[in-house]
Amino acid sequence: NTAEQRKRVIRELIQSLSDERKRQGVSMNALASKAGLSQSMVTRLENNPTNPTLDSLLRIAGVLGVNLGSKLAGAIEKMGIPNTFSPRRQ
């Protein structure tokens, strides 16, 4: 994976979360408040998604009631990037 591919996946992941927020009719202000984030951070994430923290993404996904791992896998698949992650079997 290249740095550009990772950036594309992040953008796609944020877009997916943004689409879900809009689908649920949740304003950016309400999302920020419920997630314990500033509204400017949520706005910045949606308008210029560069290197969001995992904590921020987990908070947003939690408020929206979505599985962040599934959203990430969907973003990777949508971008056509081979997913080489293979969980270890115990």
**Study point:** Donor-acceptor under 3.5 Å (Q5 side chain, T2 main chain)
**Key:** yes

Practice item. Report yes or no: does E20 contribute a side-chain atom to a donor-acceptor pair with the main-chain N or O of L64 at less than 3.5 Å? Key: no

Check your understanding: E46 and Q15: side chain to side chain contact (heavy atoms under 4.5 Å, CB included), yes or no, with the steps?
Key -> CA-CA 7 Å; E46 288 197 13; Q15 184 62 53; over 6 Å; no

Review point. Would one find more than 12 heavy atoms of other residues, nucleotides or ligands at under 6.0 Å from atom CD of E77?
Key: no

Check your understanding: How about N51: does its CG atom have over 12 heavy atoms from other parts shown lying under 6.0 Å from it?
Key -> no

Review point. Any side-chain donor-acceptor pair under 3.5 Å between T53 and S56?
Key: yes

With a 3.5 Å cut-off and sequence neighbours excluded, list the donor-acceptor pairs that the side chains of residues 25-32 form with protein atoms.
| from | atom 1 | to | atom 2 | distance (Å) |
| --- | --- | --- | --- | --- |
| S27 | OG | A30 | N | 2.9 |

[atom2] on [Y] to [atom1] on [X], rounded to 0.5 Å:
X: D19; Y: K22; atom1: CG; atom2: NZ; value: 6.0 Å
X: I76; Y: R6; atom1: CD1; atom2: CZ; value: 11.5 Å
X: K71; Y: L57; atom1: NZ; atom2: CG; value: 12.5 Å
X: R11; Y: N48; atom1: CZ; atom2: CG; value: 9.5 Å
X: Q39; Y: S33; atom1: CD; atom2: OG; value: 10.0 Å
X: N47; Y: S18; atom1: CG; atom2: OG; value: 8.5 Å

Point to revise | Test side-chain hydrogen bond (donor to acceptor under 3.5 Å, both in side chains) applied to K78 - qualifying residues, sequence neighbours left out | key: E12

Practice item. For residues A75 and L13, report the shortest heavy-atom separation together with the two atoms involved. Key: CB-N, 3.8 Å

Study note, to complete from the structure: Nearest heavy-atom contact between L37 and I60 is CD1-CG1, 3.9 Å

Exercise for review: Flag the pair R59 and D55 as a salt bridge only when some basic side-chain nitrogen lies within less than 4.0 angstrom of an acidic carboxylate oxygen.
Suggested key: yes

